[in-house]
Amino acid sequence: VNGLNYNMKTEQGNIVSKENNTEDSPVEALINADKISLSNIQIGIEDMVTGMVSKNQLQQLISEDLRFDMSHKLVSVARLNIDSAGIVFKQALVKDSMAVKISASTQTTDSWKFSAGDFNTSRVSLQYDDPNVKPALKGFDPSHIDAGRINIVISGFQFSEDSTSALVKQFTFADKSGFRIDSTHADFSMNKNRIAVNDIYLKTPNSLIRRSFSLSYDSLSGIQQNPQNSLIEAVLAKSVISFNDIYLLMPELEKSLPPASFANQTMFINTGIRGNLKTLFIPYLELSGLSGSSLGPAGSDEAAERECS
């Protein structure tokens with residue numbers, strides 16, 4: 001398909017009642033496609049009632065060995081490439097009058113499963129806005145993103161209701177706030193009781209984070225109620241953390257770490273962390289930087305400096 005412009009606008013919400021209606025048999029679509037190629041696609045959706053806006057522009061999408069199985073709630077693709085795309089999404093405005101209905105049914109249903117052998121995106125831009133959250137005065141704001149230079153290379157992607165896994169071979173990102181990720185590699189997995197990220201390599205213009213992190217828990221909902229039931233294991237090896245990046249991610253720290261003293265400085269770190277979200281144990285820590293100060297065995301910062309040079 002070359003050239004498609006689709007726009008939908010909702011101007012009035014409707015309430016649909018299923019009482020006294022006979023239930024139609026569901027349509028169970030099954031699609032198998034060896035190859036799909038889409039070019040010059042524009043799709044816009046706007047809800048005038050809630051304020052939700054979604055606008056997507058796509059220059060090219062190519063998929064190979066696509067399978068869409070509605071009866072088994074399965075979507076799989078051997079390869080999916082997206083080149084030159086623009087995504088704009090504005091969340092719906094939550095009003096006090098809006099009510100959220102919670103179903104009392106205990107019946108379980110099968111969830112959708114998605115898999116992709118290889119997923120690649122290049123030259124993607126993203127604008128995300130949540131009008132329910134006040135914009136931050138400075139720093140990176142995850143509720144108001146204006147980013148470009150998004151490139152993603154992932155293999156072995158698997159997603160279901162209770163688990164997600166992927167090998168991230170590359171991820172780059174540049175936000176208008178100045179926060180930027182130049183390179184990312186990681187082996188990610190998540191299930192109902194554990195999040196693990198191994199072989200981490202995350203590089204910004206001034207920082208380098210690498211090694212591993214894992215968090216185990218009884219349930220995601222129980223983390224805040226019982227943080228002592230969690231288990232954290234993290235290792236940072238030959239890592240570098242820039243105070244400029246800290247200011248972008250946590251600008252409130254400028255009060256306790258004034259830029260006049262710490263801006264443009266870096267810390268070289270080797271450490272291990274164990275414990276839970278309530279109490280952490282640090283069996284070893286090697287820290288250097290801050291205009292020559294160091295903590296830990298002598299010379300431990302030299303290897304980190306050589307690695308990042």
Side-chain angles (χ1 to χ4, degrees), residues 1-13 29 31-68 70 74-94 112 114-136 139-155 157 159 164 166 168-184 188 204-205 248:
V1 177
N2 187 350
L4 172 65
N5 193 336
Y6 173 81
N7 291 281
M8 182 178 74
K9 181 180 292 187
T10 302
E11 297 183 349
Q12 182 177 357
I31 300 174
N32 288 300
D34 292 337
K35 186 173 183 179
I36 295 178
S37 178
L38 305 177
S39 302
N40 302 316
I41 306 298
Q42 297 188 40
I43 299 176
I45 301 174
E46 184 174 2
D47 190 328
M48 302 298 291
V49 178
T50 65
M52 187 278 291
V53 176
S54 175
K55 296 180 180 180
N56 304 282
Q57 296 181 348
L58 176 66
Q59 291 299 313
Q60 186 178 61
L61 180 149
I62 297 176
S63 70
E64 294 181 358
D65 295 331
L66 172 69
R67 177 180 175 84
F68 179 89
M70 182 173 286
L74 174 67
V75 179
S76 65
V77 62
R79 183 171 70 94
L80 179 63
N81 290 350
I82 298 175
D83 184 25
S84 301
I87 301 171
V88 177
F89 185 80
K90 180 181 178 182
Q91 286 275 19
L93 181 64
V94 178
W112 280 90
F114 301 87
S115 66
D118 292 295
F119 174 65
N120 306 305
T121 70
S122 60
R123 293 177 290 183
V124 175
S125 64
L126 169 66
Q127 293 182 26
Y128 171 78
D129 179 43
D130 186 349
N132 304 289
V133 180
K134 185 178 179 181
F140 174 67
D141 186 349
S143 297
H144 305 276
I145 298 174
D146 187 354
R149 297 169 58 183
I150 301 174
N151 300 283
I152 303 172
V153 179
I154 293 176
S155 65
F157 175 75
F159 173 84
T164 302
V168 180
K169 296 181 176 180
Q170 184 60 287
F171 174 75
T172 65
F173 176 92
D175 185 67
K176 67 175 182 180
S177 63
F179 180 64
R180 195 174 90 195
I181 297 175
D182 291 339
S183 183
T184 308
F188 175 84
T204 74
L248 286 171

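All residue numbers in this chain count up from 1 along the given sequence. All heavy atoms count here, side chains included; hydrogens, waters and symmetry mates do not.
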Apply the side chain to side chain contact (heavy atoms under 4.5 Å, CB included) test between L80 and each candidate in L61, N120, D118; give the one that qualifies.
-> L61

Quick one: CH2 on W112 to CZ on F159, what's the gap to the nearest 0.5 Å?
-> 12.5 Å

Report the distance from atom CD of E46 to atom NZ of K55, rounding to the nearest 0.5 Å.
-> 6.5 Å

Which heavy atom in G51 sits nearest to a heavy atom in K90, and how many Å separate them?
-> O-CD, 3.8 Å

Output the distance between atom OG (S37) and atom CG (N2), rounded to the nearest 0.5 Å.
-> 8.0 Å

Is the shortest heavy-atom distance from the side chain of F140 to the side chain of I145 under 4.5 Å?
-> yes

Rounded to the nearest 0.5 Å, the CG atom of D175 sits from the CG atom of D141 at a distance of 8.5 Å

Quickly, which of N81, T172, D83 forms a side chain to side chain donor-acceptor pair (under 3.5 Å) with S122? Name it, please.
-> D83

Sidechain-backbone polar pair: N132 side chain, V94 backbone, donor-acceptor under 3.5 Å = yes

Side-chain contact test, heavy atoms from C-beta onward, threshold under 4.5 Å: evaluate it for F119 versus V77 and give yes or no.
-> no

Shortest non-hydrogen contact from V133 toward H144 | O-NE2, 2.6 Å

Count the heavy atoms of every other residue, nucleotide or ligand shown that sit under 6.0 Å from CG of D34, and state whether that count exceeds 12.
-> no

Between D65 and R79, is there a salt bridge with N-O shorter than 4.0 Å?
-> no

Would you say T204 and R180 make side-chain contact, with heavy atoms under 4.5 Å?
-> no

Of I154, N151, D182, I150, which meets side chain to side chain contact (heavy atoms under 4.5 Å, CB included) against F171?
-> I150

Rounded to the nearest 0.5 Å, what separation is found between the OG atom of S76 and the CG atom of L66?
-> 7.0 Å

Look at the side chain of T121 and the backbone N and O of I82, then say whether any donor-acceptor pair between them is shorter than 3.5 Å.
-> no

Out of curiosity, R149 CZ to I181 CD1, how far, rounded to the nearest 0.5 Å?
-> 11.5 Å

Sub-4.5 Å side-chain heavy-atom contact between N40 and Q59 = yes

